[in-house]
Structure formats: C-alpha cells, structure tokens
Amino acid sequence: MSYAAYKMMHWPTGVDHCAAGFVTHSPSDAAAFFTAATVGPGPEGDIDSAAAASRPRRLGPSPNLVVAAANVLEVYAVRAETAAEDGGGGTQPSSSSGAVLDGISGARLELVCYYRLHGNIESMTVLSDGAENRRATIALAFKDAKITCLEFDDAIHGLRTSSMHCFEGPEWQHLKRGRESFAWGPVIKADPLGRCGAALAYGLQMIILKAAQVGHSLVGEDEPTCALSSTAVRIESSYLIDLRALDMNHVKDFAFVHGYIEPVLVILHEQEPTWAGRILSKHHTCMISAFSISMTLKQHPVIWSAANLPHDAYQLLAVPPPISGVLVICANSIHYHSQSTSCSLDLNNFSSHPDGSPEISKSNFQVELDAAKATWLSNDIVMFSSKAGEMLLLTVVYDGRVVQRLDLMKSKASVLSSAVTSIGNSFFFLGSRLGDSLLVQFSYGASKSVLQDLTNERSADIEGDLPFSKRLKRIPSDVLQDVTSVEELSFQNIIAPNSLESAQKISYIVRDALINVGPLKDFSYGLRANADPNAMGNAKQSNYELVCCSGHGKNGSLSVLQQSIRPDLITEVELPSCRGIWTVYYKSYRGQMAEDNEYHAYLIISLENRTMVLETGDDLGEVTETVDYFVQASTIAAGNLFGRRRVIQLIYEDSTKERYDCTKASLKKEAGDSIRIVELAMHRWSGQFSRPFLFGLLNDGTLLCYHAFSYEASESNVKRVPLSPQGSADHHNASDSRLRNLRFHRVSIDITSREDIPTLGRPRITTFNNVGGYEGLFLSGTRPAWVMVCRQRLRVHPQLCDGPIEAFTVLHNVNCSHGFIYVTSQGFLKICQLPSAYNYDNYWPVQKVPLHGTPHQVTYYAEQSLYPLIVSVPVVRPLNQVLSSMADQESVHHMDNDVTSTDALHKTYTVDEFEVRILELEKPGGHWETKSTIPMQLFENALTVRIVTLHNTTTKENETLLAIGTAYVLGEDVAARGRVLLFSFTKSENSQNLVTEVYSKESKGAVSAVASLQGHLLIASGPKITLNKWTGAELTAVAFYDAPLHVVSLNIASFFLEMASEAGALPDPSMGGTIPVASSMGNVQGKEVKNFVLFGDIHKSIYFLSWKEQGSQLSLLAKDFGSLDCFATEFLIDGSTLSLVASDSDKNVQIFYYAPKMVESWKGQKLLSRAEFHVGAHITKFLRLQMLPTQGLSSEKTNRFALLFGNLDGGIGCIAPIDELTFRRLQSLQRKLVDAVPHVCGLNPRSFRQFHSNGKGHRPGPDNIIDFELLAHYEMLSLDEQLDVAQQIGTTRSQILFNFSDISLGTSFL
C-alpha cells in the first residue's frame, strides 16, 4: 500500500468554545420585531414572534450563539416559545407541556450556518460595540498566530471574511525568540465597547486589533455595498506590543475592563514563576497590571496595578458596570481589584495570604475553583461551572461603585463544562467536551403560580446525558422534558441598597441540548439488537454498530453509534412488480380527529398495469373493488387536497410524458446534453421561522439541495449580483415582491448514490412530516437514504439493510404509530418503525447509555453478544481508611508521624474505584443491562480488557477468555505493580455467575496491553513484553522482548505465506515492502503462518516484531528511530502490502513500511515513512475492518482493509488504501482545489495538513495521503467550474464523482 485516503465520517461534537452576540441581526432589528404587536415575519435570528404578541417581560432581544468544536464553526439562533395566556391574565402551560418560566414555555437552538475549517479554532470572541444598529463580528484565532474576523452577509446568508491578520513567516520569526513550540495557541478577547480586540500570541506578544470607526469600512467606493446590508464591527488595522519590554515574563490571562474612556487592558502575569513544591519559599508571585491602550499613538501606559496575588491565579473576569473592576480567579480564592478598592474571598483551607494582610472573609463551604468556567448572569452575579460539574453563584455585594464583599453559594450540578456564555438576559449555554452541551433558561423571582407548575416537574440536576423523549422533535420542550430541572436559589443581598431584604430566587430549566459523543477513548464493533442473520453483501454491514466509551466522570456514557438505519420490522409481505405506494387520509366531515394524530385511511399500491387499494385499519385489507379509485391502470401519484377532505390520484397514460418537459432546467451549455434534472421537490417543514428547502435530483444520481432565504437589496444593485457558486440567485424579474426577494444558498449534503436515472422514471423523493417524531425526506433508489431536518439542518442517514428501495410512504394507524412502508427491489413490502432508542439529530444515529462513571476501554464478546467495559467511579473515603489500606507500603510510615496526631485522619479523600462491567443489549426496546461486575482492589486501576483466544496445552482445545490488565497506583515512591486476570464465560443461562476467575497473577510493572497471538497470550507489563502459553491453570512465559519505556498499544497480524517462496523470506523491497498474503486464512497445508507484532511506546515511537513458533523467538524486525509519543497503532493491509500506522500526541498520523533491502532502512533496522498527515485531533483507537467490494476495486485487491478511528473531539473517520491511478487523479484535483475554492477564514488546507513536529527534529515524509475534507468542496462548485477543473487535470467530472462514490461505498462499515 503506497497510497491512502483520509476521510471524516462523523465530525467533532465536543464544544471547545462558545460566545454570544448579535451576529445575524442587530439589537435594534430584534427589539423592533420583539415589541411589534402583530405577528409577522421577523428578522433572521430573532426570537419567535409569539413573544412579541405577549405582554412585555424582561426577555429582551435574543443574540446568536456561536459554537466551535475543533475545526467546526456553527452559528445558532435561539427560538423562544411563549406560554399562552388565559382570560384572567394568568400564565397557562403551552401545548408543548414544558414548564413555564418567565412566560417562556420552551426554547430551542436553530442552525443558521456552519462551516468545517482547515484549522482548529484555538480561541474565539465576539466583537460588539453595543450600538443598536450594528451587528457583531466573530473573531477567531488559529495556530500559530493567525486571526480572522467574520461577519454575517445577508446576500449569501452566511459568514464572510472581513479581515485577516497573520503574524507568521520569516518576517515574524523573531517574535518566537528561538522557541519552536508553545503550550497553547493565540488567545483572543474583545473590548466591551467594540473599540478594539487583543490577542496574545507566542506567549508574550500582544496583538492589538483596532476597530474601524463608524462610517468607515474596507469596501472601496467603486465596490457594490449591497452585500453589506447591516454594518458590522470591522477591524481596521493591527499592531504588536512586546510584553517583554514591559517587564513581563509569564502571562496567564488578560481582560478588557469596563468604565474607561479608552480601552483598558488588565494583564495577569507572574514575575517569578513557582510551583506547588516551592510554595514555602515563593507563594504570592502573581500580579495584575492595567494598561490604557491608546491606538492612535500606539502607547500603553500603566494606570494601576496590584501585586502579591496567589501563584495559582489563572483567570480574569471583567466586572460589568456600574461596578467595573476585575475578578481574579484562583484555585483556592477569589480576589476583586479595581483602581480604588479590593477585597477577597477564601474558598478552602489551602488559600494563603501575605504577612500583614488584613483578615479575609471565608466561604461557608469548601470548594476548589481551578479549571472553572464563568459567565455573568447579571451585573453583580457570576456563575461558575467547576471542574467537578457543580454550578456556583458568586454575588458581588456593592454600594455605589464600592465593592464590600463577595458571597459564594452552591447551586445545581451541571455538565462538566469546557466553555460557558450568557445569551441575552434569560439564557446561558454550557458547552462541554465531556458531555452534552446544554441551553439553560434562568429567571429571578419566579411567581408562585409558576413555581407550582415547576414543582410538578421531575426534579433533577442539570444533566444532559439522559434519555430523550420520543415525542415529535419539532417541539423542543417535549424533547427535553425528561431533563427539565428547576431549583430555587437564595441570594442574601442585604447590604446592597439596590436589592430587597428578602432572598432573591433563581430558577433554571434545561431547554435544549446538543449531542456530544466525545471524547472517544475506545470503541468496539459488534452486532445490533435487530441484526438480520441472513443479510448478504453491503446489507450485512447494517448488522453492526459501534459501541464507544464517551465522556468523563458523571458525564461518562456508552455511545452506541450506527452509520446507517436498520428499521424495526413490524410485518412484511411479498409484493412483486410494485411501481409505487401512497397512503391517504379520508375525512367525511371536518373535525373528525386532530390533524396531527389522524390515522391514514387507505394504502394505494401501483402495480405494473393496475392499482390496488388497501384499507389501513386494524389490518391491511384489500378494498379495491369497493372504493371509488381508478384501479384499471397504474397510478403515478396520489395524495390529499383541501384539508385532507379530498384525494387526488394521477394515472399513467402516454400523454403524461409531456408533463415532465416542464421540469427540464437550463443549467450550463457545456453540460446541457448530459446533465439533466429528473426530479424537483420543494418543501417547508414545521416551525415559525423555518424556510423552504429545494431539492433537485440529477440524472447521474447527484442530489442538489438549496435553502431559501429572503434578501432585500437596493434596486440599483440587484442586477449586479450574479449567480454565485454557492447557488445564490436573484429573481428580480418576478412580478411578486416576495419572489423578487427570494434567494437560495447551496447546502452540502453527503449522498453517495451514483446511478443513471431515467428522465421519465418514478419519483424518488418522498417528504414526511412525522416519522417517529422526525421530519424530512426519504430518497429511494439503489442507495436509499433518510434526510432528516433537525434545527433547520439536514442530517443524512443511509439505509442499506434491504438494498435498493423502489417505493416509500409514511403510515400512521393503530398498529404502526408514525411508521412507514417501503417496497424493496426483491418485491417485498415492509411495514416498519424507526428504532425509538436512537437520537437522529447527530451525524450518525446515536443512543447514549449513562454510566455515572468514566468508561476507559470496551471489548466485544461475539458468542454471547456481551460488552466487557472498564469503568471508574470516584468514591469519597475516610483518610484513615485510605492510609490503612496502604499500610504495607514503606511510604506510609513517614506519613503516619505527621498525620495520625492531627485531625487530618477525620478528613476524606476521593479515590477512583475501578470495575469491569459486563453489559448486554436487551433485544426489545434497546435497553442496556449490567449482567455482571468484576471489582478491582483499592488503588488498583484496570488498564486494559480484551477477549482473547488461548490454546489450552492440556486439553488441546481453544478457549475464549476475558483478559484484564491492571496497575496499582500508589504514588511515585512505590515500585509499579500490576495484575493479569483471566476469566471464563459461563455457557449456561441459568448460572448465577456469568464469569468465573480462572487465573490471577501479580507482575512487576503495570499491565497496559494484552493480545492473543496464535493461541498464546501476549502481555505488555511495564517495559517488557512477554509471550505466554496457557496450560488451563497457569501462564508460562515462552518468549519476551524488552520495550523501551511503556507500551500503550499492541497489535497482531497473522498471514499465511505460500511455501513455494523462500521459507521465512522477508518482504521483497522491489514491491515496496510487500508481503504475499493468501486469500484463505485457514490452516492450509503447504502454507506457513507469519505472525507479526506491532507495539507503540509512550515516547519511543513504534516497534515491529516477528514471532516464530519453531524457535520460540520474539525478535525485532525494525523500529522507528524518531521520537514519537504514540497514542494508537495498527496494521494497514492493501492486498499483498503491509503497512504500519501510528498516531501521536501532536495530532499526526504516520504510515511506515518495512523494506530491509533498501539502503535507507539501515540494513532493515529502520522503518521507512510511507506517508504522514496532520489530522488535527488526538486519535485514540484504530480498528481494522475489511473494505467492501465495489466496481472500482480490481479483483486482486479483495484483501483490502481500512482503519476506522475515533478521536478525543468526538470525531470518527477512516484511513483507506487506494490504488495509484485513483490517487494520482485525486491528488491533482486536491492541488487544484487549494486555489480554486475560496476557503473560509482564509485558511490554507495544505498548511493545515502538514506534519506538525512541535519543535522536534523531523525529516518530512512523502505526501501520499489525500484529504477528502478538501475534496468535498469539489461537489459544491458550480457545474461550469466542476467541468473546467476536471478538464484541467485531464479527467472528467463523472470519473471524479465515481471515485468519490467508490471510496464512500467501500468504507460503509456500519
């Protein structure tokens, strides 16, 4: 294998950054719409107009939410639903049945636009000047020192780059001062009044971004300004401040403060660095300095400073007016400082103060605030989300502008947050990498009638990882009713003159959640509960699912992911030669039943030359002869009209051929002969602010998707806006004013179907409004797919389990609630429902199973469909109990002298207790049940769990066992120890114990990895790898190899070599390091088994070993001599070629090969680099899966495997081998697209994918991996551009799309 393709299949979901601001509309637009008495169409991004019609409340105009997850940028609008009012003026719960708080019955996040960038977002802020008629600008920072400003452009209904600032390259090399690596990328923050922004790059370089004055812009006078319909804050220029010149050594954080005429930047820095081991001699080493930034003079005088701050200070929070000043957040204390006053609050007993300092007030409970995230709920209340997932509320008690004290109190438990932000004055957003991200509504002083409604709700903490409702997803408060949570909080603001004597109450409700499946630490590949044992070919892949270890701590969960949908079958009948199916309603009079829940009356089936009609009551009974339908010919369409009181039926005649002429569209002259639109569909789904989608199906199987939006341009500029590549079109010739303002923008949609579709074929697009609570469309054909509309976003989920599907329609009756019917190409009619346990508002359908602990590793036992899983749960134990359990260790004797005489023994200590749970998926309902638990000893951490097949030398039989490797964590003073545990599975179902321990032995060193190698057990214990044979009662070592430091991954590959070749011959270098592999993997006479071992070291890269059973030798073939911190390793097999893949701590992937006869390999000692690639995420697991046969694969490439991988951002992708011809073609296309496509944020994809060595010496390897993230832009080009680009690289558009489809089909593993 010389060439590979990198393809993402599930994009990151863990939220790294979030911010709020009026991005898509200005505050004045929102306020004008909000106060309007009539319900009408409002500006994009505002709250629902129902709020405008209700009585005035404190709910103001709602800003947008901007979310960043690795390299994915998303902009959301917050849609609030108001409660209906009764005649007496009281508040009644709305039809959504959600709890009513502050007059709001529900709220949801609705997607405005999203982008996948060629670079990870390191920091993000929103630049807003507070003006009522100005929009905010999104400022993003990327490594090493790149800053991009984005603003919303109404003309394209998306983000547009307004300015870019780069401080990289040879002319800026001096800023690094010799350093090659930095702990984190640039941090960017904005002035509260939008006058400037600041970004800290290279540790001590402050970049000042000066905002343009009102009325000035970067657009020239001769350029059309129609695209800039609402002015946004823009950056005019930028310059640098070298903080070294200001006598700063280590900057920890900075913030702009309120209340000054010029921007004032407060910097938290450390003069003399210290650490926890030197606290006795150096402790209060931090200080803050406030600089007044004069951007015209480029001067920055210090106006005030404060020293002697604790060494663990890490964050600054600017206090809003009228108080102003800054909060310094430390791990053990909080300090307030301004130009005139200061005060502090101790959080626990670890806080210390300089000698001679006044007495400091203490919090009434113990808490640690390191790594906490914070946002202001009001001008004097800040909400913290702590590292333990607790919500804390800090009140700044003040009189005038003098802060008197700080009060801290506990609130609800929430998710473990990575970022928080307030959205207006009613919502805040908790972004999380470790759990689901939550939109939470809060309110002060809820009325008694409202509180009575709230107390009826099921009380719970603000947790996201809970089962979702199965109701219609169009009502978000229904979706989240199960996670609704309200609790009153009391704030005693007695001294403050602006507060009442009584306690102020705060209530919370979770209104919406964004699913997160990260971080993916490990995953396993197993059978689904509704798997079909008779499935063959590609349909067989729908039998499998991915069971992943997700989250951390209380947000830990098992995420069950399925790439394709396998419906739950209710019944099926044979129905040959079916052309189409439709269900219709029948109302004899109005008001017979609520429209949302009305049952279908008839099922119309079109056969080859007649029509069949079935009644959809309790049973499907044929009523063809008794109904008034035309049944002597085929039906081509059927449906309801006039409020479902009439049924329309279209019958097939020769004249119908003329009807299709109107669907032909004049696309481009060059492709007019070959590319045609064969089907169009336009639909607007539910939701007050929903906009229509337009779908067009081309005759080559391409599905085009456009989203409509309204854009009002000035008359002089209307004709100057051409048809853009994104699909924006102006209908200025239309007589209707609404059509004149109608535009469409292209939406990317990942449909891989490639087939020739006849122009007069049957319709393939079927829209639905409620199938299992979801709305969208179904695309039938050779590769059927669901396109679900969630949050105005398209979620594509293929359905491969039944092969091609001829016809599809929805069905709602007594026996099939909100289900569907489809007819397969084999002639079977199936009535099904969507599996209700899954949430389809994700890149892949997902079911999250809460574990209330941290999952570490999972494996699959196929014989009984069991999933052994390592879980750790934090447990609070008395300190004396913890010490007594360590009594046999020498390190405790020193501790006893200090500890036992004090009160410390009465304190508690939190330890992680590990256990191995064995889970099983119950067939009905998709419920997961813990069948057995294997507890570990105190301080024993389970590191690995694997199913191994060992050959019992006593009975001469193979045994399947559960192997567990552990380590005792007792501190750095105690020698590392571990255990190897083997368990056998009980065959009988009636047995009390599912597993029985058959072997346990302690070893020197932590047992970090185990694997089975041809009946032997391979154990990585500390810095040694041993190969053991199994006697049925004992493990006996037969071979060993000394690893350098610590083994993190272990992989096995066994091959059967032809004995005709030289026995034990090493790979032939003329074939690029190939190993002849026979297609048969059984014990075939005349063939020799070759066993290879690949392991990755924590610091010393990868090692390639060989195992020979004849001499019991575990010998080194070759290794990588470079320095590499391995995360995961695996073999990559392409026909007869073997490659070695490794991921590292710098987010790279490298592919190596073994070629002992090449000069560069140092006589075979060194592994050679075949390809290298920067992924941009930490890959934690590779899974080798056989690729599916496709038309593009040659016959000799049947033995081809791809690697499925998961990363810590919640992304899933694959690295697949491809042949040289395809690689050359797509590599040429990739190089062309670097310049042919306008990249968001101006990021260069080639720069992003270059190997990142992080300052370490590295010789660049070959560029033999193609990037499908970049190639995906090809299909988004206009047809003219696609044809031009294909012609320039010497190929055709159809050939390129065929290669795309080939790789997608070959990697459809789930």
Side-chain angles (χ1 to χ4, degrees), residues 187 189 191-192 198 200 206 243 246 248-260 264-276 279 282-292 302-321 323-348 350-354 357-363 367-376 379-387 392-398 401-408 420:
V187 179
K189 299 198 176 178
D191 176 55
L200 181 68
M206 188 67 73
L243 299 182
L246 304 176
M248 293 188 187
N249 295 325
H250 180 207
V251 175
K252 291 189 164 187
D253 197 18
F254 64 97
F256 286 96
V257 294
H258 301 257
Y260 289 88
V264 172
L265 186 65
V266 177
I267 300 178
L268 171 65
H269 56 105
E270 193 172 25
Q271 291 302 95
E272 298 181 60
T274 187
W275 64 292
I279 297 302
K282 282 187 180 180
H283 40 88
H284 286 72
T285 55
C286 290
M287 66 177 293
I288 54 173
S289 303
F291 298 87
S292 180
V302 179
I303 56 175
W304 59 272
S305 63
N308 285 332
L309 290 170
H311 78 285
D312 54 9
Y314 68 96
Q315 187 180 6
L316 293 180
L317 287 178
V319 184
I323 308 172
S324 297
V326 68
L327 285 176
V328 184
I329 312 302
C330 313
N332 305 307
S333 56
I334 301 175
H335 305 260
Y336 169 81
H337 285 276
S338 68
Q339 197 162 353
S340 55
T341 62
S342 65
C343 65
S344 303
L345 176 69
D346 284 349
L347 303 176
N348 53 48
F350 296 110
S351 59
S352 60
H353 300 279
S357 59
E359 188 176 345
I360 306 283
S361 59
K362 295 199 173 193
S363 169
V367 68
E368 295 175 2
L369 266 194
D370 54 320
K373 307 297 176 183
T375 187
W376 291 92
N379 66 333
D380 60 344
I381 299 175
V382 63
M383 186 269 290
F384 290 98
S385 179
S386 74
K387 64 180 180 181
L392 308 170
L393 294 164
L394 179 77
T395 308
V396 181
V397 181
Y398 66 101
R401 292 191 65 176
V402 178
V403 173
Q404 297 173 333
R405 73 171 192 274
L406 304 174
D407 281 347
L408 187 71
V420 297

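Given the structure is predicted, the values throughout are model-derived calculations rather than measurements.
- Among all heavy-atom pairs drawn from Ala290 and Val264, the shortest one is CB-CG1, 4.0 Å.
- Expressed to the nearest 0.5 Å, how far CD1 of Ile360 lies from CG of Leu406 amounts to 10.0 Å.
- Side-chain contact between Ile381 and Leu394 is absent, with no heavy atoms from C-beta onward closer than 4.5 Å.
- Of the inter-residue distances, the one linking Trp275 atom CH2 with Lys282 atom NZ reads 13.0 Å to the nearest 0.5 angstrom.
- Here the NE2 atom belonging to His283 is positioned 12.5 Å from the CG atom belonging to Asp312, to the nearest 0.5 angstrom.
- At a threshold of 4.5 Å between non-hydrogen side-chain atoms, the residues Met206 and Leu265 count as touching.
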Run the side chain to side chain contact (heavy atoms under 4.5 Å, CB included) check on Val328 and Leu316 step by step: do they pass?
CA-CA 5 Å; Val328 184; Leu316 293 180; 3.7 Å; yes
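- With a 6.0 Å radius and a threshold of 12 heavy atoms from other residues, nucleotides or ligands, Gln271 has its CD atom above the threshold.
- Arg405 is not listed as a side-chain neighbour of Cys343, based on a closest heavy-atom distance of 4.5 Å or more.
- Of the inter-residue distances, the one linking Ser338 atom OG with His258 atom NE2 reads 13.5 Å to the nearest 0.5 angstrom.
- Counting heavy atoms from C-beta outward, His337 and Val266 have side chains that stay 4.5 Å or more apart.
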Residue pair Ile267, Leu246: steps toward the side chain to side chain contact (heavy atoms under 4.5 Å, CB included) verdict:
CA-CA 11 Å; Ile267 300 178; Leu246 304 176; 5.8 Å; no
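- The minimum heavy-atom distance linking Val420 with Ser385 is given by the pair CG1-CB, 4.3 Å.
- Judged by distance alone, with hydrogens and angles left aside, the side-chain atoms of Asp407 form no donor-acceptor pair with the main-chain N or O of Thr395 at under 3.5 Å.
- Here the side chains of Leu243 and Leu200 are in contact, with some heavy-atom distance below 4.5 Å.
- In this structure, Leu347 CG and Ser386 OG are separated by 11.0 Å, a value rounded to the nearest 0.5 Å.
- Note: His284 and His353 have tilted aromatic rings, judged against thresholds of 30 and 60 degrees for the angle between ring planes.
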Test side chain to side chain contact (heavy atoms under 4.5 Å, CB included) on Asp253 and Ile329; report intermediate values, then the result.
CA-CA 10 Å; Asp253 197 18; Ile329 312 302; over 6 Å; no
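- Counting all heavy atoms, side chain and backbone alike, Asn379 lies closest to Val319 at O-CG1, 4.3 Å.
- For the pair Lys189 and Phe254, the distance from NZ or CZ to the six-membered ring centre is under 6.0 Å and the angle to the ring normal is within 45 degrees.
- Listed for the Tyr336 side chain is no donor-acceptor partner under 3.5 Å among the backbone atoms of Leu345.
- Across all non-hydrogen atoms, the minimal contact from Ala372 to Gln315 is O-OE1, 3.3 Å.
- Proximity of Leu317 to Phe384: side-chain heavy atoms (C-beta onward) are separated by under 4.5 Å at one or more points.
- The minimum heavy-atom distance linking Val382 with Leu327 is given by the pair CG1-CD1, 4.4 Å.
- Between Phe256 and Pro192 the shortest heavy-atom distance is CB-CD, 3.6 Å.
- With Trp376 contributing its side chain and Ala318 its backbone, the two residues share a donor-acceptor pair below 3.5 Å.
- Of the possible donor and acceptor atoms, one in the side chain of Ser361 sits under 3.5 Å from a partner among the backbone N and O of Ser344.
- Residue Val367 is tested with Asn332, Asn348, Leu408 for a side chain to side chain contact (heavy atoms under 4.5 Å, CB included); the sole match is Leu408.
- No side-chain N or O of Glu272 forms a donor-acceptor pair with one of Thr285 less than 3.5 Å apart.
- Using a 4.5 Å heavy-atom threshold, the side chains of Glu368 and Lys387 count as touching.
- The shortest distance between side-chain heavy atoms of Ser351 and Cys330 does not fall below 4.5 Å.
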